[in-house]
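Everything quoted here is computed from the prediction, not taken from an experiment. Just so you know, ligand 1 is whichever comes first in the structure, and atom 1 is the first atom listed for that ligand. Excluded from the calculations below are hydrogen atoms, water molecules and symmetry mates; all remaining heavy atoms, backbone and side chain alike, are included.
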Amino acid sequence: MWVRKRIDIGWSDLGAGMLHALRPFDRKAAGRGLERAWSEADDALACLSVRSGFDLLLGTLDLPPGSEVLVSAVTIPDMVRIIREHGLVPVPVDVDIESMAPKLERIQAAVTPATRAILVAHLCGGRFPIGPVVELAERHGLLLLEDCAQAFAGPGYRGDPAADVSMFSFGPIKTATSLAGALLRVRDPELLGRMRTRQAAYPVQSRAYYFRRLWKYTAMKVGAMRPVLAGIVAYWKLRGWDPDRMINGTARGFPGPAFFSMIRKQPSAPLLALMRRRLRRFNTDRLARRTARGEFLVKYLDGRVTCPGTRTRPHTHWVFPVLADNPDEVIAALAGAGFDATQGQSMCVVDPPPDRPELEPAEARLMLAKTVYLPFYPEMPEKPFRRMIDLMLEELVPASVSAVGPGVEPAPAYASSTYPSR
Ligand SMILES: *Cc1c(COP(=O)(O)O)cnc(C)c1O
């Protein structure tokens with residue numbers, strides 16, 4: 001079977017991480033070194049995860065209860081949970097399917113006097129130019145927060161200087177992962193100083209915990225080797241368990257109700273050291289191969305299949321989603337041929353506040369319901385890759401993305417003109 005996702009970390013990185021975990025060294029110096037490597041402007045902050053950094057930010061900002069935070073309508077559920085935890089109201093902004101960028105006219109429509117911030121996400125590995133959002137944020141006096149968790153493209157890109165905060169994740173499924181960790185840039189030095197002070201009062205995540213994590217993902221990397229995996233899946237099925245649950249269960253970072261006490265921790269010394277190593281030795285080759293394959297596929301499918309998010313450039317194709325009117329059939333057919341495509345369970349659509357149903361993000365909802373993520377990574381050889389694409393094209397009924405359904409306004413035309421590529 002071709003698994004849906006490969007963990008983007010080498011054996012030598014895992015080994016180096018374990019050595020770091022065994023060898024005591026100065027955590028503060030490691031953190032400073034990493035932050036300086038990320039930004040010469042002294043505006044970087046290393047955190048345990050993007051969710052930790054975002055929670056830290058909202059805790060430090062201490063906005064009045066009931067303040068509204070506009071959010072790209074497609075994100076991971078924890079980001080929304082964190083907004084709510086701070087007594088704030090998440091307000092969705094529908095996204096344009098082809099760029100995954102928030103629609104400007106929907107930002108306008110969602111702003112109220114209670115709006116204090118806007119959180120935009122660059123999704124799937126693409127990155128939309130945030131210029132027009134910057135203008136809107138300035139006009140309405142909003143803090144602009146940029147979620148770049150899916151957009152890491154090597155140390156050359158560290159967020160848009162016009163955003164107030166840019167957040168990059170090095171969690172397990174992300175590009176150049178350290179199995180945890182995040183790097184933020186916070187442009188206001190005063191705010192950054194207060195965030196540092198607040199984070200310094202957190203307990204430090206233990207080396208032992210990180211060591212176990214390294215082992216766990218080493219085991220998973222072994223488990224993702226094709227012959228080994230075949231054995232595991234066969235065993236799992238024999239027991240009558242759903243393999244989908246196994247894979248999604250292992251990919252979750254902070255499960256269960258202890259969520260907030262788990263994210264409110266400082267990164268351990270070995271985690272900081274591994275993040276530093278991964279930046280220093282960033283594998284441009286793997287990313288280039290992934291990007292090239294994505295670009296090939298975009299061209300190949302052009303006019304036949306809608307591929308969400310592919311309108312933006314640059315794009316590194318962190319994942320490759322396609323839209324189908326019959327996602328279950330496509331997934332079943334691909335599974336039959338050994339390709340582990342999935343609808344994905346990690347992303348969600350942000351619900352509008354109950355008193356503002358007109359903000360329902362219909363296009364995002366439609367998109368997520370029809371999304372199929374193909375197994376997509378440069379390690380899959382050309383031959384099975386082409387077989388997978390051909391099989392998909394045979395099975396897939398292209399999604400009619402403009403048919404939003406009764407009772408809902410049709411989605412406005414794609415905002416390609418409002419998001420000129422740079
Ligand atoms: C992965 C992800 C996050 C969370 O990153 P962590 O570092 O795991 O907390 C946030 N937003 C998006 C869009 C993500 O894909």
Side-chain angles (χ1 to χ4, degrees), residues 4-5 7-9 34 38 44-59 69 71-83 85 90 92-93 95 99-102 118-128 130 145-153 159 163 165-185 199 202 205 210 213 217 248 250-255 259-268 271-272 274-275 278 308-309 312 316-321 342 344-350 364 367-368 371 373:
R4 60 194 58 177
K5 192 98 193 127
I7 309 169
D8 181 14
I9 189 168
L34 172 65
W38 188 241
L45 180 65
C47 298
L48 182 63
S49 67
V50 160
R51 286 162 293 172
S52 306
F54 183 55
D55 173 66
L56 175 69
L57 171 70
L58 294 186
V69 179
V71 191
S72 287
V74 177
T75 185
I76 63 162
D78 283 348
M79 297 300 274
V80 183
R81 178 178 180 180
I82 291 166
I83 294 172
E85 175 73 11
V93 176
V95 296
S99 67
M100 299 290 261
I118 175 166
L119 171 66
V120 297
H122 299 286
L123 296 173
C124 303
R127 150 176 141 210
F128 68 92
I130 68 168
L145 318 174
E146 192 184 28
D147 181 343
C148 308
Q150 303 186 358
F152 183 65
V165 178
S166 305
M167 304 178 281
F168 286 83
S169 169
F170 300 92
I173 58 172
K174 300 291 154 61
T175 303
T177 180
S178 304
L179 308 182
L183 281 163
L184 273 57
R185 284 181 78 192
Q199 181 168 253
Y202 285 175
Q205 190 176 64
Y210 190 58
R213 199 169 173 86
Y217 281 93
N248 283 311
T250 48
R252 265 188 335 200
F254 303 104
F259 178 69
F260 284 97
S261 60
M262 291 193 80
I263 64 169
R264 287 175 186 160
K265 291 209 169 123
Q266 301 185 62
S268 65
L271 169 57
L272 294 166
L274 186 55
M275 285 165 81
R278 300 244 50 200
T312 53
T316 65
H317 304 283
W318 175 65
V319 288
F320 204 100
T342 172
Q345 259 111 60
S346 57
M347 306 297 283
C348 72
V349 173
V350 182
M367 179 189 68
L368 228 60
T371 293
Y373 293 98

Going by heavy atoms in the side chains, are R278 and I9 under 4.5 Å from each other?
yes
Sub-4.5 Å side-chain heavy-atom contact between L56 and L184
no
State the atoms of ligand 1, each with its element, that fall below the 4.0 Å cut-off from a heavy-atom position in S169.
5 (O), 6 (P), 7 (O), 8 (O)
Under 4.0 Å, heavy atoms only, figure out whether ligand 1 is touched by the backbone of I76, its side chain, both or neither.
side chain
Do M79 and ligand 1 have an N or O pair less than 3.5 Å apart?
no
Applying a heavy-atom cut-off of 4.0 Å, say which part of S49 lies close to ligand 1: side chain, backbone, both or neither.
both
Using heavy atoms and a threshold below 4.0 Å, how should the contact between M167 and ligand 1 be classified: side chain, backbone, both, or neither?
neither
Roughly how far, to the nearest 0.5 Å, is OG of S52 from CG of L45?
10.5 Å
I need the atoms of ligand 1 closer than 4.0 Å to a non-hydrogen atom of A149, numbered in the order shown.
2 (C), 3 (C), 10 (C), 11 (N), 12 (C), 14 (C), 15 (O)
Proximity of R51 to ligand 1 by residue part, where a heavy atom lies under 4.0 Å
both
According to the interplanar angle, ranging from 0 to 90°, do the rings of H122 and F128 count as parallel (below 30°), tilted (30 to 60°) or perpendicular (above 60°)?
tilted
Show the atoms of ligand 1 that are less than 4.0 angstrom away from any heavy atom in K174.
1 (C), 2 (C), 3 (C), 5 (O), 14 (C), 15 (O)
Test of proximity, D147 against ligand 1: N or O pairs below 3.5 Å
yes
Are V165 and E146 side-chain neighbours, meaning at least one heavy-atom pair lies under 4.5 Å?
no
If you take all heavy atoms of L48 and I263, which pair is closest and at what distance?
CD2-O, 4.2 Å
Could you grab the distance from atom OG of S268 to atom CZ of R213, nearest 0.5 Å is fine?
10.0 Å
